[in-house]
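Accompanying notes for the structure given below.
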Amino acid sequence: MELKTVKIERADGIATITLNRPEKKNAMSPQLHREMKQVLTEMRDERDLRVIVLTGSGDSFCAGQDLKEFFAETYGKPEESSKVTRTAMEWSELLRLNDKPTIAKVNGWCFGGGMRVMGLCDIAIASDKAVFGLSEINFGIFPAGGALKVPIELLSHRDALYLALTGERLSAAEAEKIRLINRAVPHDKLDAEVTALAKKLIEKNPVALMLTKKVFWRDKFMQYTEAVDWELANFAVISEMTGGEWVKEGITQFL
Ligand code: ACO
């Protein structure tokens, strides 16, 4: 499928995926969902890719679901609507559970479903010009498909409910304060900050990064005893997958 709504750049082990509908503030249309699924499926097996950066064209990261093409035009067409929703959820899982670290480079507007996508990335660095919001309530709906679950997981009970119930906008500084993002940086430094972070991640052992994420996502929903067992079980896997590299190189070098 020729890509029309998503742009890809690959350089030095970093893949940058750009949501590319700037004229619609990168709102997620059915076509964009199909293209994202294709792109992330292809990247899953690319061993040379070490870090994925997700960003948006123009002055927007993502204005959420396309209110016209995703909602209005599929309303009353249950088959079409469930198909596009399934595609959206499928690529969201490819993003969340990706073997490689993912960074949301939030360059501007970030609303509704866009906030969900940002939250599914492992790390989020935002321009000081970025603006966030769970705006669903302003359209008479509520955040769904993970758009409520993601802030519940990331934020405090009070902040998640406040944002969902009011639909208020949040500046990058406020988003940083409530830890919706890791940090806000001056707009003109965003590219450099994200590239430096990606390079830092590339220096780590990719198997260790992959296992950290795999273990993290199960740990998060486990009781302590089960989590300890799960961590130790996966610790054995790291020796097998890396041929004991962590002992031979990592620890020996330190010693
Ligand atoms: N769905 C469809 N089209 C959109 C969306 C969207 N979510 N967001 C913006 N657009 C379109 C506008 O309709 C407009 O199209 P047009 O030029 O054909 O009229 C174009 O993008 C530019 O938008 P403007 O509103 O003119 O741009 P402005 O810079 O004034 O505002 C902003 C940008 C703040 C992002 C505004 O467009 C906005 O509030 N959009 C809605 C964001 C939102 O609340 N999303 C959550 C949706 S609910 C969900 O995701 C589940």
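Computed from heavy atoms alone, side chains included, the values below leave out hydrogens, waters and symmetry copies. Atoms within a ligand are numbered from 1 in the order they appear, just like the ligands themselves. Everything quoted here is computed from the prediction, not taken from an experiment.
Side-chain contact between Thr195 and Lys199 is present, with at least one heavy-atom pair separated by less than 4.5 Å.
Residue pairs meeting the salt bridge (Lys or Arg N to Asp or Glu O under 4.0 Å) criterion with at least one member in residues 156-178, sequence neighbours excluded, do not occur.
A salt bridge links Lys68 with Glu73: the closest approach of a Lys/Arg side-chain nitrogen to an acidic carboxylate oxygen falls below 4.0 angstrom. Asp59 has a carboxylate O that lies under 4.0 Å from a charged side-chain N of Lys25, or vice versa, which qualifies the two as a salt bridge. Using a cut-off of 4.0 Å between Lys/Arg side-chain N and Asp/Glu carboxylate O, Arg44 and Asp99 are scored as not salt-bridged.
The backbone N or O of Arg21 lies less than 3.5 Å from a partner atom in the side chain of Asn26, making a donor-acceptor pair.
Within 4.0 Å of ligand 1, the residues that place a heavy atom are Glu23, Lys24, Lys25, Ala27, Ala63, Gly64, Gln65, Asp66, Leu67, Phe71, Trp109, Phe111, Gly112, Gly113, Ser135, Glu136, Phe139, Arg169, listed by chain and number.
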